[in-house]
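Following: one structure in structure tokens, then a few remarks.
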Amino acid sequence: MQFHDDVIDIIKQIPEGMVVTYGQIAAMAGNPRGALQVAGVLHSSSDKHGLPWHRVVNRLGEISLPRGSGYELQKSLLEAEGVEFNRNGRIDMRLFQWSPK
DNA sequence: GCCATGGCTAGTA
DNA sequence: GCCATGGCTAGTA
């Protein structure tokens with residue numbers, strides 16, 4: 001599937017220390033309303049393709065995974081790359097959101 | 001609201 | 001086919 005493959009390509013390009021949004025990826029892959037599908041791809045194909053899945057967050061700059069089920073891991077992976085979280089557990093997207101050239 | 005996916009029944013043949 | 005189910009979100013209030 002084209003969408004699926006595009007999503008994977010895009011995610012692979014996210015540089016270390018940067019993040020992108022589900023919707024952003026969906027739009028880049030040609031389906032502005034496919035945010036949920038992007039989440040699906042992440043959920044199912046992250047391991048197989050060795051994707052930097054932790055660099056994908058929701059539009060508010062927060063981690064979407066539930067506490068105790070991925071949240072902590074994702075947060076620590078991002079912090080290890082220099083991404084900072086404020087007291088609300090959010091990332092300042094003006095500083096860390098990546099967009100391709 | 002949106003939309004692709006996956007699981008699980010109808011309902012033909 | 002139908003229907004529930006997501007690692008979601010634009011656009012009101």
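Quick note on labels: first sequence line is chain A, next is B, and so on, each numbered from 1.
Checked against side-chain hydrogen bond (donor to acceptor under 3.5 Å, both in side chains), A:E79 has no partners two or more places apart in sequence or in another chain. With sequence neighbours left out, A:L42 forms a side chain to side chain contact (heavy atoms under 4.5 Å, CB included) with A:I11, A:Y22, A:V38, A:S46, A:L51, A:W53, A:V56. For the side chain to side chain contact (heavy atoms under 4.5 Å, CB included) test, residues two or more places apart in sequence or in another chain that qualify with A:D92 are A:R94, A:L95. By the side chain to side chain contact (heavy atoms under 4.5 Å, CB included) test, A:P66 pairs with A:S69, sequence neighbours left out.
Only one option out of A:M93, A:R90, A:Q97, A:Q24 pairs with A:V57 in a side-chain contact (heavy atoms from CB on, under 4.5 Å); it is A:M93.
Residues A:H54 and A:K75 fail the side-chain proximity criterion, which asks for heavy atoms closer than 4.5 Å.
As a whole-Å value, the separation of A:Q37 CD from B:dA4 P is 6 Å.
With rounding to the nearest 0.5 angstrom, the CG atom of A:L65 is 5.0 Å from the CD atom of A:Q74.
Nearest heavy atoms, A:I91 versus A:L78: CD1-CD1, 4.1 Å.
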Under a 4.0 Å heavy-atom criterion, the protein footprint on nucleotides 7-12 of chain C, written with B, S and -, is BSSBB-
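With pairs defined as Watson-Crick or G-U wobble and both atom distances under 3.5 Å, the stems of at least three pairs that touch DNA chain B come out as B:3-8 with C:1-6.
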